[in-house]
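One structure is given here, and the rest of the page talks about it.
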Number of protein chains: 2
Amino acid sequence: MALEHAILISLRERAGSGYELAQRFGRSMAYFWPATHQQIYRTLGRMAEQGWVSVTEVPQEGRPDKKTYAVTAAGRAELRRWSGEPAPRVTPRDDLIVKVRGAAYADIEAIVAQAQERRESSADQLERYREIERRDFPGAPGLTGQALHQWLVLRAGIRLEENEIEWCDELIDALRRDQGVKE
Amino acid sequence: MALEHAILISLRERAGSGYELAQRFGRSMAYFWPATHQQIYRTLGRMAEQGWVSVTEVPQEGRPDKKTYAVTAAGRAELRRWSGEPAPRVTPRDDLIVKVRGAAYADIEAIVAQAQERRESSADQLERYREIERRDFPGAPGLTGQALHQWLVLRAGIRLEENEIEWCDELIDALRRDQGVKE
DNA sequence: GACTCATATGCAACTGGTTGCACTGCATCG
DNA sequence: CGATGCAGTGCAACCAGTTGCATATGAGTC
């Protein structure tokens, strides 16, 4: 279960409250492991029970009290243990692929439209990633340590979107050509 | 929910029993939408309730009775309706990416080892896909109709694995180089 | 004065997928 | 003769992620 471990990583970088963590999460981890505040609160609770994080209740004035979480020695050990165990492969389940597979029973133009939409949203995402790369990782690929790790993750995102764009182009082209042939 | 629709597609290609469907599913759809027989039986039940498929109990001798499922007009309409609605984008959640992100708190060599394993399994999968392409789609990319659709799906798989391999290489290289610098 | 936004936490219900197990009966292999 | 495998269907429990709602306070806006 990677959410717990993604939280451990985030909390090791900086301890904080569930709320604050959720904010930060949305700005970094969520690109490859999205999580709602709900999920984060629930998971933090479970992690505290297991002793991976310690909780400190911090009373505040003018705003609700908060609980700040910090990674314990057990949490650090768990993170290290987990990161050494084999990473399972997952098949990304994509509705669009299913639709292409069943295109014979569908309105091809509607599927082409979805591919175009997907292409555009991937191009947008790619642009955002490229901007982050320019802004935050000018030294790439000659980076070291944590900056290197973060850049490698960003690279995965960039590759994913590039690939998506190319496949969508292939798809749109092929389906359109096939439509043309039929008419 | 794409499983229901993937089943509709499969059943439109050929009606059959849950068992038989599960077998076929494993040989085609499962590459991009894996499903256990459990899930298939449960989903078929729900689909029958909704009237998307009709059920016929077929008594058999020497082996257990079976239920064959066939897509109804309502099922065909539903498939068409669904294929026209916008396809949601999903973020593939990959443990390995999380591990890379938190590599500073882990054993880098263990992560490199996992990347190598991933690279190999992707190379294997790619080889299998390439073989299918050679064997079943010699006419690509000049295909039409259902063969074209199936090939486009296969292309998505090929692209995915190629991309994975390249990223793993980048990863292994960069992490090793960084390790070297430190020592 | 009402509305939204930011801070802060949480319960409850639901959905989709995974895992483990159960039962029948024939065929095949060592 | 026993184990394995194929054909066939299914229940029950669990796990992770999603969605909707609830609650509290203060600051700023229309």
Side-chain angles (χ1 to χ4, degrees), chain A residues 1-8 11 15-27 29-50 53 55-69 82 88-95 98, chain B residues 1-8 11 15-27 29-50 53 55-69 82 88-95 98:
Chain A
M1 231 272 291
L3 178 58
E4 291 169 349
H5 300 95
I7 289 176
L8 285 175
L11 283 179
S17 69
Y19 183 85
E20 202 235 317
L21 181 65
Q23 304 302 106
R24 258 192 290 149
F25 218 83
R27 274 180 271 109
M29 304 280 180
Y31 293 108
F32 51 94
W33 207 287
T36 59
H37 78 275
Q38 250 326 300
Q39 232 183 310
I40 289 171
Y41 281 124
R42 205 198 308 134
T43 305
L44 278 171
R46 209 189 318 132
M47 289 166 73
E49 265 176 53
Q50 281 169 302
V53 291
V55 202
T56 323
E57 268 180 75
V58 182
Q60 292 187 123
E61 273 171 44
R63 53 187 59 184
D65 295 355
K66 65 178 175 182
K67 297 178 183 174
T68 54
Y69 293 87
W82 171 78
R89 280 202 60 175
V90 285
T91 314
R93 290 164 211 253
D94 183 350
D95 282 36
V98 177
Chain B
M1 233 269 290
L3 178 58
E4 291 170 349
H5 300 95
I7 289 176
L8 285 175
L11 283 179
S17 69
Y19 183 85
E20 203 236 317
L21 182 65
Q23 303 304 106
R24 259 192 289 149
F25 216 84
R27 273 181 271 109
M29 303 279 180
Y31 293 109
F32 50 94
W33 206 286
T36 58
H37 79 274
Q38 248 327 298
Q39 231 184 311
I40 289 172
Y41 281 123
R42 207 202 302 138
T43 306
L44 277 171
R46 210 191 315 131
M47 289 165 75
E49 267 177 50
Q50 281 169 304
V53 292
V55 202
T56 323
E57 268 178 76
V58 181
Q60 291 189 126
E61 272 171 45
R63 54 187 58 180
D65 296 354
K66 66 176 173 182
K67 297 179 182 175
T68 54
Y69 294 88
W82 172 78
R89 282 200 58 171
V90 285
T91 313
R93 291 165 208 252
D94 183 348
D95 283 37
V98 177

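Side-chain atoms are counted along with the backbone in the values below, which use heavy atoms only and exclude waters and symmetry mates. Being a predicted model, the structure only gives us computed values, none of them experimental. Labels below follow one simple rule: chain letters A, B, ... track the order of the sequence lines, proteins then strands, and each chain is numbered from 1.
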What is the distance, to the nearest angstrom, from the [atom1] atom on [X] to the [atom2] atom on [N]?
X: B/Glu49; N: D/dG10; atom1: CD; atom2: P; value: 12 Å
X: B/Tyr41; N: D/dG8; atom1: OH; atom2: P; value: 8 Å
X: B/Asp65; N: D/dG10; atom1: CG; atom2: P; value: 11 Å
X: A/Leu21; N: C/dT7; atom1: CG; atom2: P; value: 14 Å
X: B/Gln23; N: D/dT9; atom1: CD; atom2: C1'; value: 13 Å
X: A/Ile40; N: D/dT18; atom1: CD1; atom2: C1'; value: 14 Å
X: A/Ile7; N: D/dA16; atom1: CD1; atom2: P; value: 12 Å
X: A/Leu44; N: C/dT9; atom1: CG; atom2: P; value: 9 Å

Would you call B/Glu20 and B/Lys66 a side-chain contact if the rule is heavy atoms closer than 4.5 Å?
no
Of the options A/Leu44, A/Leu3, A/Ile7, which is the one that meets A/Gln39 in a side chain to side chain contact (heavy atoms under 4.5 Å, CB included)?
A/Leu3
If the sugar-phosphate is the primed atoms plus P, OP1 and OP2 and the base is the rest, what is the B/S/- string for nucleotides 15-23 of chain C, using protein heavy atoms under 4.0 Å?
-SBBBB---
Does A/Tyr19 make a side-chain N or O approach to OP1 or OP2 of C/dT7 shorter than 4.0 Å?
yes
